[in-house]
Amino acid sequence: MRRFDLNLLYTLRELLKEPNTTKVGEKLGLTQSAVSSSLNRLRWAFQDDLLVRSGRAMAPTKRAEKLLEPVDEILGLIEKLVEEVRFEPKNLNRTFRIASGEYVLLWLMPSLLARLRREAPGISIRCDTSVVENRSLMRSGHIDLALLPSAVVKNNDNLISHKFLYTDRLVCITSRSNEEIGERITQEEYLKARHVVVSPDSSKNSEIYTAAEKFAKDRQLNIDIVCEISSYAVLPGALSQNDMVATIPSRIFHMIPNQDAFRVFDLPFEVPEFDVSMVWNTSFDKDPEHQWFRNMVEDIYRE
């Protein structure tokens with residue numbers, strides 16, 4: 001009995017109501033051959049032909065006729081059980097904690113909060129921009145969802161699940177008052193320039209790096225860092241009215257205020273695009289509330 005596929009009961013119920021493999025296949029979204037295969041498995045399980053040829057049609061055997069009522073009752077109980085545990089978003093009352101960089105959250109929040117107000121007004125959101133300990137906090141379940149560069153997610157960490165959200169690329173920005181750089185920035189100018197670096201962990205005690213930090217680290221670039229900040233919100237002020245440059249994701253540049261005060265350049269290196277993923281504790285994989293919330297975040301990025 002452990003090997004019996006309960007999905008076969010749905011096929012059996014429809015075949016007993018209408019002994020026609022083609023029509024049952026159309027109703028269940030299956031091919032005629034798939035229905036015939038299920039019928040053969042049912043015959044083996046019940047040790048009975050169940051349906052026999054009667055002229056040009058099929059007719060249920062006496063054993064099959066006695067099965068319709070109990071099969072219908074069993075499936076009704078299963079469907080009722082599933083219905084009872086199915087949640088309604090409008091009835092949810094909980095807090096979801098999201099961790100990411102402040103500009104990622106700044107982009108996400110307006111759409112997310114608007115949808116939650118319409119679909120699940122009982123949900124509240126807590127935003128955390130301190131991403132340094134995200135991995136340990138996700139392992140412990142204290143963070144519901146983190147939005148991070150995919151490169152910092154360890155694929156062999158079986159305690160963390162992740163899903164791709166979008167692709168971004170790195171750009172270089174500087175104040176329009178910077179006369180040290182022409183229409184484009186060369187490798188020599190980039191390496192000679194004074195840099196502002198955004199780093200969530202100035203102590204470097206964690207393995208969390210921004211995409212820009214990972215870019216410089218992987219290429220072993222020896223750049224002159226004269227200002228290190230932990231927040232992108234400080235970046236416009238740090239670059240204003242001086243000759244410093246910063247390397248940041250393109251999407252973040254489009255979120256900073258007063259963009260006209262800055263110039264943006266492609267990096268003078270071959271730099272691949274990078275992916276950003278949403279990351280969560282594997283224990284939430286099949287949590288229907290968490291699944292629904294993840295799907296909402298994913299839908300917002302797809303839109």
Side-chain angles (χ1 to χ4, degrees), residues 1-92 115-116 118-120 123 145 150 155-156 158-167 275 277-303:
M1 184 59 192
R2 291 181 181 177
R3 298 180 180 179
F4 184 77
D5 184 356
L6 290 176
N7 289 314
L8 292 174
L9 293 182
Y10 286 93
T11 304
L12 177 59
R13 179 172 65 178
E14 298 305 321
L15 284 171
L16 294 177
K17 291 179 178 179
E18 185 171 22
N20 185 304
T21 55
T22 300
K23 292 183 177 180
V24 167
E26 291 173 351
K27 185 174 182 179
L28 297 178
L30 301 171
T31 64
Q32 187 273 338
S33 60
V35 176
S36 295
S37 176
S38 295
L39 177 57
N40 288 332
R41 293 170 64 189
L42 286 162
R43 283 168 169 164
W44 181 87
F46 287 97
Q47 295 296 295
D48 186 85
D49 288 335
L50 299 177
L51 297 179
V52 293
R53 182 68 60 183
S54 178
R56 301 183 64 181
M58 301 284 283
T61 63
K62 289 183 178 181
R63 174 80 189 281
E65 289 176 345
K66 295 178 181 180
L67 288 174
L68 179 57
E69 185 175 346
V71 167
D72 208 24
E73 182 179 355
I74 290 169
L75 292 178
L77 289 172
I78 292 174
E79 289 164 355
K80 183 179 179 180
L81 179 64
V82 173
E83 186 67 31
E84 287 176 350
V85 300
R86 185 177 298 154
F87 77 95
E88 287 291 340
K90 63 182 179 182
N91 297 327
L92 289 180
R115 285 191 58 168
L116 288 175
R118 294 194 306 267
E119 301 177 27
I123 287 181
L145 204 63
S150 303
N155 292 325
N156 60 352
N158 57 10
L159 296 178
I160 291 178
S161 299
H162 55 93
K163 187 170 186 180
F164 165 81
L165 279 181
Y166 65 89
T167 299
D275 295 338
S277 296
M278 57 179 174
V279 188
W280 64 93
N281 189 303
T282 302
S283 64
F284 295 140
D285 280 355
K286 296 183 179 180
D287 180 327
E289 296 178 8
H290 202 277
Q291 284 181 319
W292 170 82
F293 185 71
R294 295 196 307 264
N295 289 338
M296 176 175 289
V297 172
E298 184 179 6
D299 286 346
I300 290 172
Y301 276 99
R302 295 287 178 268
E303 292 169 1

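Throughout, residue positions are numbered sequentially from 1 according to the sequence presented.
Side-chain contact between Phe284 and Gln291 is absent, with no heavy atoms from C-beta onward closer than 4.5 Å. At least one side-chain heavy atom of Leu8 sits less than 4.5 Å from a side-chain heavy atom of Arg41. When side chains are defined from C-beta on, Asp299 counts as touching Arg115, because their heavy atoms get closer than 4.5 Å. Side-chain contact between Trp292 and Leu92 is present, with heavy atoms from C-beta onward closer than 4.5 Å. Asp49 places none of its side-chain heavy atoms less than 4.5 Å from the side chain of Arg63. You'll find the side chain of Glu298 reaches within 4.5 Å of the side chain of Lys163, heavy atoms only. At a threshold of 4.5 Å between non-hydrogen side-chain atoms, the residues Leu50 and Leu15 do not count as touching. Side-chain contact between Arg53 and Met58: present, with at least one pair of heavy atoms (C-beta onward) separated by less than 4.5 Å.
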Residues Lys62, Asp48; criterion side-chain contact (heavy atoms from CB on, under 4.5 Å); working and verdict: CA-CA 10 Å; Lys62 289 183 178 181; Asp48 186 85; over 6 Å; no
Chi angles and distances behind the side-chain contact (heavy atoms from CB on, under 4.5 Å) call for Tyr166, Asp275: CA-CA 6 Å; Tyr166 65 89; Asp275 295 338; over 6 Å; no
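The aromatic rings of Trp280 and His290 lie tilted to each other, with the angle between the two planes from 30° to 60°.
Taking CG from Leu16 and CG from Asp72, the interatomic distance works out to 9.5 Å, rounded to the nearest 0.5 Å. In this structure, CG in Asn295 is found 7.0 Å from CE in Met278, a value given to the nearest 0.5 Å. To the nearest 0.5 angstrom, Ile74 atom CD1 is 11.0 Å from Arg13 atom CZ. Rounded to the nearest 0.5 angstrom, Leu30 CG and Tyr10 OH are separated by 13.0 Å. Going from atom CG of Leu39 over to atom CG of Leu51 covers 5.5 Å, rounded to the nearest 0.5 Å. The distance from the CG atom of Leu12 to the CG atom of Leu42 is 5.0 Å, given to the nearest 0.5 Å.
Nearest heavy atoms, Val52 versus Thr61: CG1-CG2, 3.7 Å. Between Ala120 and Pro89, the shortest heavy-atom contact is CB-O, 3.3 Å.
Using modelled atom types and a 3.5 Å distance limit, the side chains of Asp285 and Ser161 yield a donor-acceptor pair. A donor-acceptor pair shorter than 3.5 Å can be found between the side chains of Gln32 and Thr21.
Listed for the Thr31 side chain is a donor-acceptor partner under 3.5 Å among the backbone atoms of Ala34. With Glu119 contributing its side chain and Leu116 its backbone, the two residues share no donor-acceptor pair below 3.5 Å.
In this structure, Glu69 places its CD atom where only 12 or fewer heavy-atom neighbours from other residues, nucleotides or ligands lie under 6.0 Å away. The neighbour count for Lys23 NZ, taken as heavy atoms of other residues, nucleotides or ligands under 6.0 Å away, does not exceed 12.
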